[in-house]
Amino acid sequence: MDSAPYKIVVGIEVHVQLDTITKLFCGCSTAFGAAPNTQVCPVCLGLPGALPVINERAIELAIRTGLALNCEIAHETKWDRKNYFYPDLPKGYQISQFDQPICDVGYLDFPNPDAPSETMRVRLIRAHLEEDAGKSMHDEAAGKADSRIDLNRTGTPLLEIVSQPDIHSPQAAKAYLTELRLLLTYLGVSDCNMQEGSLRADANVNLHIEQDGEMLATPIVEVKNLNSFRAVERALVYESQRQYAQWQKTGQKLGEAPKQTRGWDDAAGVTIPQREKEESADYRYFPDPDLVPLRITDAWLTRGREQVGELPAVLRQRLESDFGLKPYDADVLVSQGRGVVEYFQRAVATGANPKRVSSWVQQDVMRTLNERSVAIEDFPLGAEQFSVLLQAIDSGDLDNSRGKDVFQYWLEHPALKLDEVKAALGIAVVDRGELESLCRELLVENPKVVEQVKAGDLKGLGALIGAAKKKNPNADPKLVRELCQTLIQQM
Amino acid sequence: MKLEHLSAVELGRKIASRELSSREVTAHFLKRTEAANASINAFVRLTGDEALQRAEGIDARLACGESLGPLAGVPVGIKDILCMSGELTTCCSRMLENFRSPYTATALQQLLDAGLVPIGKNNMDEFAMGGSTETGVHGVTRNPWDVARTAGGSSGGCAAALAAGMVPLAIGTDTGGSVRQPAAFCGVVGLKPTYGRVSRYGLIAFASSLDQVGPLAHYVEDIAACMESLAGHDPRDSTSLDTPVPQYTAELGASLKGLKVGVVREHVDHPALDDSIRLAVARAQETLQSLGAELIDVHLPHTAYSVATYYIVAPCEASGNLERYEGVHYGFRKLGEAGASSPLDAMIARSRSAGFGDEVKRRIMLGTFALSTGYYESYYKKALQVRRLIANDYEQAFGQVDVVLGPVTPTTAFKIGEKINDPVQMYLEDLFTVGANLAGLPGLALPAGACPSGLPTAIQLQGPALGEARLLNVAYQLQQSGLHQPSLAAGVA
Amino acid sequence: MELSRDDVLQVAGLAKLEFPEAELDAFAVQLGKIVTFVEQLSEVDTAGVEPMAHPLDLHSAKRADVLVAGLSHAQALANAPKSDGEFFLVPPVLVKKP
Ligand SMILES: [Mg+2]
Ligand SMILES: [Zn+2]
């Protein structure tokens, strides 16, 4: 980025679908994927005479999130109507929050993608509650056939989190969103499923260009339809280059062109101008007279604080300070979510070496979770069993490779005890004398290798270890290696 | 015995004692309605079969010795603005001419639970926007006292139906005087309760912070009895008051000795006030004094600004409330030639333009203008500030007195067509009524005899929040002392 | 305040209303009269007065996050001007491509 003749300036608006059972203002289900127009009632259909009543869990989740994002929580928050006509907005207005959002200024710290040991900060302008719209399916091609409207999603609670334009690289944007999503999942306020639209990001992008000592800003473009963090990163790279080229052509500065909305085309890897349904938009916000202001009591705040729990940033710190993990390893574990971190902590608590637990979790455990696509909560091997295994390796009772055999076997027979697993795998400790005579046999059987080693080429030893394993699977490779080496030297 | 001369409470008593059956009472009023409606047009829809069925159901339950409410089995008219499951609810607008609500308004449901028998839907101004019941798609309602005159509005159908003896009770809504003004024009009693006292769920919104359901009847005791089932907290309505409902009927007849009654100078001294009505208020003052009440002059200094305030607040809210009528999910749809706009935008604009009448469009335009960028502060916000001052005036007054007395309207019923083409003149009709809506307070219209030309005159009683019980008692005493003599329109058979 | 036909067209655009060309001027005059009438509020000194959006000091009405039976699919579409038995149907949202 620094090499570029400009600085990219990005602010991000995230719409998070809150994890409630029912909609923001009515008792209809928010479950995803139901048959069209089957999760509706007079309220979310906007039928004449129907009235909204706020879902208290949505408030609870918004407060919890606001606290975790270091926001000032409003003492009194109110509801406003945002007026515009669109067929998936049955009332002709969206119930949102205009001048008294439930969460006021805050910030989010997250690891600098270029230097994991440093943190970056993005300041937040606000986070407010609003109802989602329904879904319109258009006949994009011809614009001749009717559009189809499904109102199941109408009224689903959204928390819109608006950042300051504090983001100055596509990588930083991705890192911010990654941390935000992680935080939201730790809080349990949303499943953050981007495919199902539970988390949607729009980016406001422009450039700051240094021109003969003067800093000038290009017109702001809102980029929508960013359906993955990868898309965010790519779209920002593309958009910054496009805006720079555009500026070189037109020289247009901020204020000299209206704010434009562009959509990201992931397949083509470009942003394209969107139909301005809100061109010359005048939303005529005003207080919704069907709803009354909501007073946020201390009881709400206290409950909220209790529900926040230990957040990723704090957890990373603790894994480093308490267990001596490297920032990278701490980050990998924390990114796996609370469950994995708790698994790690339980294994360590029962006596296994933190570094070994960390590396085994990152390799064997995570691999298995991915292969079987199960959550850590459903992992067959309990943290305590896992700890027993790693302790055996720590103490040398098990060599690493046999340890892996045990791990695999134990996954299939989690009911067994470690000894039973070892027995089942015929794992017994081989005493040094027995192993020495085995090595002598090997040297006799492999004169070529002996010559090789004598000549100083130690590669041959590997072959000997393999052969030893065949004769006795319990032979400790380390020991075989050093025995053979000394015996050959003595020859 | 002419049933149409009995109070709803009396009818209920006779039905409960099985001296009369709900069926014969219902049939009687249906018959009168069918006869009179052609000339009055108070009902836009009759649901006779359903009504008779329901009446028989009540009779059956009474026969089984079940004890129902005091109004069980009594026929009632319902303004065509309250949703009833399975029935058409049109707000007298082309926009909703085919709309069948899949649910029932809470207020109406509570009446059904109390055993009342709706016989049909009453005429009104389109979406309750008007003061003469002239703007509805089903045509004008005529005043039974003089069919050349309006019944008032927007609940004109309710008031006219009562005056013509079509029903003993009717349910209207009052956003700026829409219960009280037609009640005054038609010589019946009408109550606009405290904001939030009656659920708005299922009441098709005109202006959400002003709308309130209210009953109309010949007798004050009927209003009191009706309120006992109409009022109450509704968890479906965030603006509904969660306070217990008093026994309004039990409080009727309490002595008025020492009651402080404020006479609103800005109202009774208003130059636009008709002498006949000023006289009616004076008669009420004498009667109250004779009943031991103390009269005190009070002031509502911002009265002069209340109409302007109302005609910003109400249209602004209406412009939002009526955005849902876009021909997409329900209601009237008209396709249009898509010029520069998309076929969708053309359809929405065409549907709204053809589905709404002139007055509704006028108010949507006014509200949209007052909320639009550059005007919000100087119109909408300004109006909300004056609204506060108006509410403060009432608070001051009710610091000194228990109720305030004044007129409902500047004049008696005006001629059909007289004001329809002069919106501002029409709006000024609401001068004495909009204050209670802006402040959320209860107001009651009580007939006070006829003017020389024979048209009804009326007085208005207003009280502090949740002061309905006292208003009803004061009105009841005025009725018992003869200020208000319940009667059908002269000349009505 | 007097309103021009352009003012009316601008507001009508926001309100999604149409007025016949022939009626525009008359309507502009009429709406202008009403606007002028309500402008008398500017006489009132409202410095420091808290706007009153709601008549009573009601607040904090809310509901528990519990499912409530809504409408059947058939009920939901029953009043639709046009539907395919599954979705509400509306004319194309996009401007026809030439
Ligand atoms: Mg939003
Ligand atoms: Zn719903």
Side-chain angles (χ1 to χ4, degrees), chain B residues 98-100 102 195-196 209-210 235 238-239 241 302 305 308-309 311-312 319 326-333 335 338 340-350 352-353 356 361-362 364-366 368-369 372 378-379 381-389 391 423-424 427 438-440 465, chain C residues 1 3 7-8 10-20 27 30-31 33-56 58-63 68 71-72 74-83 88-96:
Chain B
N98 299 316
F99 177 72
R100 281 186 193 280
Y195 184 82
S209 80
L210 303 163
S238 302
T239 66
L241 287 166
H302 293 89
Y305 298 103
T309 303
Y311 278 94
I312 294 175
S319 72
E326 50 189 6
V328 172
H329 312 97
Y330 51 80
F332 179 79
R333 172 183 291 192
L335 297 177
S341 66
S342 73
L344 173 76
D345 294 331
M347 182 279 282
I348 293 178
R350 209 60 43 85
R352 289 170 60 79
S353 303
F356 290 139
K361 280 187 253 185
R362 211 155 25 226
I364 290 174
M365 289 291 285
L366 180 57
T368 305
F369 166 80
S372 60
S378 48
Y379 290 85
K381 182 164 176 250
K382 181 77 175 183
L384 292 188
Q385 288 175 308
V386 180
R387 182 182 190 175
R388 169 86 54 195
L389 296 175
V424 173
Y427 298 169
L438 289 166
Chain C
M1 155 177 185
L3 295 182
D7 296 330
V8 170
Q10 156 77 16
V11 177
L14 289 173
K16 288 275 196 286
L17 289 171
E18 298 172 329
F19 294 91
F27 186 79
Q30 187 183 56
L31 193 62
K33 273 197 195 132
I34 300 171
V35 169
T36 310
F37 168 73
V38 297
E39 274 167 349
Q40 59 179 287
L41 293 191
S42 56
E43 302 162 7
V44 185
D45 175 10
T46 53
V49 177
E50 178 67 16
M52 178 174 167
H54 242 281
L56 305 170
L58 291 154
H59 61 85
S60 303
K62 51 191 180 322
R63 44 171 275 270
V68 177
L71 297 174
S72 72
Q75 282 176 310
L77 296 174
N79 282 293
K82 190 175 181 187
S83 92
F88 295 92
L89 296 183
V90 296
V93 172
L94 303 169
V95 180
K96 271 210 191 77

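Keep in mind that the numbers below use all heavy atoms, side chains included, and drop hydrogens, waters and symmetry copies. In what follows, every chain begins at residue 1, and chains take the letters A, B, ... in the order their sequences are listed.
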Considering only heavy atoms, which portion of [X] lies under 4.5 Å from any heavy atom of chain B: side chain, backbone, both, or neither?
X	answer
Leu71(C)	side chain
Leu17(C)	both
Leu77(C)	neither
Ile34(C)	both
Ser42(C)	backbone
Phe88(C)	side chain
Gln75(C)	side chain

Could you tell me if the side chain of [Y] sits less than 4.5 Å from the side chain of [X], heavy atoms only?
X	Y	answer
Phe19(C)	Lys361(B)	yes
Thr46(C)	Lys381(B)	no
Phe369(B)	Gln10(C)	no
Glu39(C)	Ser378(B)	no

Under a 4.5 Å heavy-atom cut-off, does chain C meet the side chain of [X], its backbone, both or neither?
X	answer
Met365(B)	both
Leu210(B)	neither
Phe356(B)	side chain
Ser319(B)	neither
Val386(B)	both

If I compare all heavy atoms of [X] with all of [Y], which pair ends up nearest, and what's the gap?
X	Y	answer
Leu14(C)	Ser372(B)	CD1-CB, 4.1 Å
Ser238(B)	Ala61(C)	O-CB, 3.5 Å
Pro91(C)	Leu335(B)	CG-CD2, 3.7 Å
Pro343(B)	Pro92(C)	CD-O, 3.5 Å

- Please indicate whether Lys82(C) has more than 12 foreign heavy atoms, meaning atoms of other residues, nucleotides or ligands, lying under 6.0 Å from its NZ. no
Of all of [options], which one pairs up most often with chain B through heavy atoms under 4.5 Å apart?
options	value
Val35(C), Val68(C), Asp45(C)	Val35(C)
Ala76(C), Ala78(C), Ser83(C), Pro81(C)	Pro81(C)
Val90(C), Leu41(C), Leu58(C)	Leu41(C)

- Partner chain C: residue of Ile364(B), Val328(B), Ile348(B) with the largest heavy-atom pair count (under 4.5 Å): Val328(B)
- Task: Find the one option among Arg350(B), Glu326(B), Arg388(B) whose heavy-atom pairs under 4.5 Å with chain C are most numerous.
- Result: Arg388(B)
- Item | Point-to-point distance, once rounded to the nearest 0.5 Å, from OH of Tyr379(B) to CE of Met1(C) | 5.5 Å
- Taken to the nearest 0.5 Å, the spacing of Met347(B) CE from Lys16(C) NZ works out to 11.0 Å
Test item: [X] side-chain N/O and [Y] main-chain N/O as donor-acceptor pair under 3.5 Å:
X	Y	result
Gln385(B)	Val49(C)	yes
Lys33(C)	Pro423(B)	no
Arg352(B)	Ala15(C)	yes
Asn79(C)	Arg100(B)	yes

